[in-house]
Amino acid sequence: MQLLIDLATMAVMFPGGIPATDLSLVRGDKIPLRVTLLDEGAPVTPSGVRPALAVKTALGDETLVLAATNLEPVDDALGPAYVGSLSVNTTQLIEAMGSAASIDLIGEVVLIAGDGSQRTSSLIRVTVRQDIMPADVIPPEDVLADWSALVADALAAQLPDALKEAGVELEAATGQSTLSSGDAADTWTIVGGYAFTWGDEILAGHLPDSCRLKSISTVYFFTDPALNQYCLRVWRLTDGAYSLIGTSAYVSNLSSGQTATWVFTPGVTLQRGDKIIIQVCEGTEMTPYALGMHAVLTPSVPGRGLITEVSNPPAVNGTMAPLMTVVVDYDDGITLGGVELATARQLDSLGRDVRQSSATAETAARTAGQSATTASTSADNAATSATAAANSATAAANALAAIPQVDASGNMTIPGGLTAAGAVNANGGINIPLAVGAPTDTSAVNFFYAMGLAGAVQALIQPLYLKTSSMPVVGAGTTSVQYAGLYATSSTSAASGSPAHSTTTFTFEGPQGQHNYSSFAGFSIPLSGSTASKFTFGLGRGSKTVRGGLTMDSFSMIPGNNLAVNYGEIIDITTTAVRDAVRGGYVLRVREIYYVSSGDSWQVKTTESFIPATQNHPFPACLNRLIFMQEGLASMSSYEGKASLYIELGGGQTNTLFKIAALRGVSGFEDGMGFSTLVADVENPNSWTSSVRTGAGSRYLYANGLRNPMYAALEAMAVNAIESEETADFEDINETL
């Protein structure tokens, strides 16, 4: 574990500048510790100064639960630092934890000067998980009499009250872990990648069975600066072949000794035991690239080593692993139709609890047998004692025989109908019967529940009609109505091949059902265009000013009344018809204009996304639908991402649903319909007519608890196409053609 301390601010960081606010440890571990002191960014070891890591139960408690002292100064290839180790198995920790599964502690790095004065760092929350059973915890003797009750108790402890009462809800498990490798070797090795098993001991810290890889930070060395752009790709061994499962954002212009942080958005899903390769690539061509990687000396493990070409199986090259820091997220739960569903990791944990309960019962049986043996040596009547011991041994053997066993695939069947499967699915996982009253065929019950969920989603949708009687156009455009209130086209024609531009305003109408507050949670409308276009729409409360005949970079809609304060916001999407042949797709730009009361200012957030498409799927011709969805009500006091913008494509592509922006959303106060105006700007450089088509769509409402099931469903399904986000003060761009 490597910690960096800024001497000016006493802020604690991991390599790569990641703030160290949380540490997750496992009882029983002994972790290598490296503390680097930074003076204006440069590592130093001031004379007479020694750091120490102090962990206690509370701020006011002077008793240390964990401590790393006697850190020795070194000056190796990584620079000046202090090294030592942290034992996560002290007597004080055992007393503080007791039988609890985990404990939250307070940690800080203390700098002790030669005169005894001390400086303390920013606080760190330290979570220690109980992986070692305390010596004084002995299973109850009556577990042999009714081991099934122990299993039931273990399950009940995992399920929230709502699940036990209704049988249909599990709580989501969320969180984040930061993992790091051990101390670096004195030398570095030229490598282009690294192969290992996810969950290997190279990474110390809490690692859940299922997680999403968010970032990897590595330290590189080389003679000449790497002046191109580079990314990190992750490959996984599946059915005997390596397949690409994630590509990081690019890092540019690396200098020797620099920490490179490779960020994966929205994250790469990994399971414990996955055999993976991380590979450095150069440029948009993704050419494998070798950098000088600082390494960690680790025990030899088959399959772990350095690799040069991903097309071949990984070849072991020594026993050196990269020095790196890894950030992972736990799996989030999802919501459907107002019902929160468990993740596969949660259900799998229930199965593991059942297996653990069986193992606990087996231990109890052995304890009972040992107790019988002890009793036989101390009894006055040897014959009676021997008989009692034999009976106890027989009872223990019978109990062991009655305990269900877990097969090689992780499956278990328990008498009474409770099953647990290694591969969790609708019928092979933990079966929880629904309360359906009189005995009823379960397939019929599930059928009607499914129909009810479909109907519930439909009940949260209202129609949005296109006002085809009024579609004003500015510039070289005309409108035509295919079906009144349902479908219309705006056409832009260039005269004699000269470029042409048009701005068309489409208005939507429909029920809104509000007094002061609206239940607007999103909208979906059909939308397509044949050439470069810009689509602008307003959301929520407050007047908006529409402007036509401006350049594509100008804002066709701005907040009205001289930027008066309001709760609404404005979004525009600028497309391009020019395909990036190198990357194989199209760049989209989304701009969000919103007001933040805490800063008393209008802001604009610019998001760039990339949509992969072949020449047979030109954009925006393959655009089918524009979708905006909110997770919940947003606030204008501070920016909190509560909404997402999606597009749905056609053209026979493998992936058709893409998330192109994360947005703030609106508050619900006086939102009315929420969405009512779409402004389409078309730039036609061709000699033929270009067009934009749109029509009637849908307006979505919140379910009970102000939850939007459509948001959760789309977030789970959509491919995240976001590549960059940037926020700045709003400055109006108003350039006429």
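The figures that follow rest on heavy atoms only: side chains count, while hydrogens, waters and symmetry mates do not.
Listed here is the closest heavy atom pair of S556 and D681: OG-OD2, 2.7 Å. In plain terms, the two heavy atoms of A249 and W262 that are nearest each other are O-CE3, 4.4 Å. Across P511 and P463, no two heavy atoms sit closer than the pair CD-O, 3.7 Å. Residues E592 and A662 come closest through the heavy atom pair OE1-O, 4.3 Å. Minimum heavy-atom separation, T489 to S691: CG2-CB, 3.8 Å. The shortest heavy-atom contact between T265 and N720 is CG2-ND2, 3.8 Å.
Between M557 and I593 there is no side-chain heavy-atom pair separated by less than 4.5 Å. For the pair L678/L527, a side-chain contact is recorded, criterion being any heavy-atom separation below 4.5 Å from C-beta on. The closest side-chain heavy-atom distance from R589 to T606 is below 4.5 Å. Residues M636 and R664 are in side-chain contact: their nearest non-hydrogen atoms beyond the backbone lie under 4.5 Å apart. You'll find the side chain of F520 reaches within 4.5 Å of the side chain of R699, heavy atoms only. Contact check for L623 versus L649: side-chain heavy atoms found under the 4.5 Å cut-off. A heavy-atom distance below 4.5 Å is not found between the side chains of S597 and V565. Between F535 and V692, some side-chain heavy-atom pair lies under the 4.5 Å cut-off.
Between the T468 side chain and the G485 main chain, a donor and an acceptor come within less than 3.5 Å of each other. Formation of a donor-acceptor pair under 3.5 Å by the Y702 side chain with backbone atoms of G632 is found in this model. Within the 3.5 Å criterion, the main-chain N or O of S518 finds no donor-acceptor partner in the side chain of D671. No donor-acceptor pair closer than 3.5 Å links the side chain of K467 to the backbone N or O of T507. For K544 (side chain) and G542 (main-chain N/O), a donor-acceptor pair under 3.5 Å exists by modelled atom type. A donor-acceptor contact shorter than 3.5 Å links the side chain of S554 to the backbone of E735. Listed for the R693 side chain is no donor-acceptor partner under 3.5 Å among the backbone atoms of S530. Without hydrogens or angle criteria, R625 side chain to G697 main chain gives no donor-acceptor distance under 3.5 Å. Here the side chain of E509 pairs no donor or acceptor atom with the backbone of Y465 at under 3.5 angstrom. Here the side chain of H501 pairs a donor or acceptor atom with the backbone of L550 at under 3.5 angstrom.
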**OP:** Begin from the C-alpha positions of I571 and V590 and carry the test side chain to side chain contact (heavy atoms under 4.5 Å, CB included) through to its verdict.
**Re:** CA-CA 7 Å; I571 293 96; V590 177; 3.8 Å; yes
Original post:
After noting the C-alpha distance and the side-chain angles of E670 and Y567, does the key distance pass the side chain to side chain donor-acceptor pair (under 3.5 Å) rule?
Top reply: CA-CA 9 Å; E670 295 184 353; Y567 290 82; over 6 Å; no
**OP:** Tell me, with the steps shown, if S598 and S637 meet side chain to side chain donor-acceptor pair (under 3.5 Å).
**Re:** CA-CA 5 Å; S598 57; S637 61; over 6 Å; no
Original post:
Should F537 and L645 be marked as a side chain to side chain contact (heavy atoms under 4.5 Å, CB included) after you check the CA-CA gap, both sets of side-chain angles, and the distance that decides it?
Top reply: CA-CA 12 Å; F537 60 91; L645 189 64; 3.9 Å; yes
**OP:** Check the pair F506 / I525 against side chain to side chain contact (heavy atoms under 4.5 Å, CB included), numbers first and verdict last.
**Re:** CA-CA 12 Å; F506 297 99; I525 57 172; over 6 Å; no
**OP:** Evaluate the criterion side chain to side chain contact (heavy atoms under 4.5 Å, CB included) for residue pair Y586 and L588; output intermediate values, then yes/no.
**Re:** CA-CA 7 Å; Y586 298 85; L588 289 186; 5.7 Å; no
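Y639 has its ring centre less than 6.0 Å from the ring centre of Y594. Ring-centre distance between F523 and F508: not below the 6.0 Å cut-off.
How far CG of L563 is from OG of S601: 11.0 Å, rounded to the nearest 0.5 Å. To the nearest 0.5 Å, atom OG1 of residue T574 and atom CE of residue M552 are 6.0 Å apart. Taking CD from E631 and CD from E715, the interatomic distance works out to 8.0 Å, rounded to the nearest 0.5 Å. Interatomic distance, T551 OG1 to L737 CG, rounded to the nearest 0.5 Å: 6.5 Å. E608 contributes atom CD, which lies 11.0 Å from atom CD of E725 (distance to the nearest 0.5 angstrom). Rounding to the nearest 0.5 Å places CZ of R591 at 11.5 Å from OG1 of T607.
No side-chain donor-acceptor contact under 3.5 Å links T531 and S690. Counting only N and O atoms by type, the side chains of S480 and Q482 include a donor and acceptor under 3.5 Å apart.
Checking each of T503, T504, T694 against S490 for a side chain to side chain donor-acceptor pair (under 3.5 Å) leaves exactly one that passes, namely T504.
Under a cut-off of 6.0 angstrom, the local environment of CZ in F669 is crowded, with over 12 non-hydrogen atoms contributed by other residues, nucleotides or ligands. Within 6.0 Å of CG in N516 there are more than 12 heavy atoms belonging to other residues, nucleotides or ligands. Counting non-hydrogen atoms of other residues, nucleotides and ligands closer than 6.0 Å to CZ of F555 gives a total above 12.
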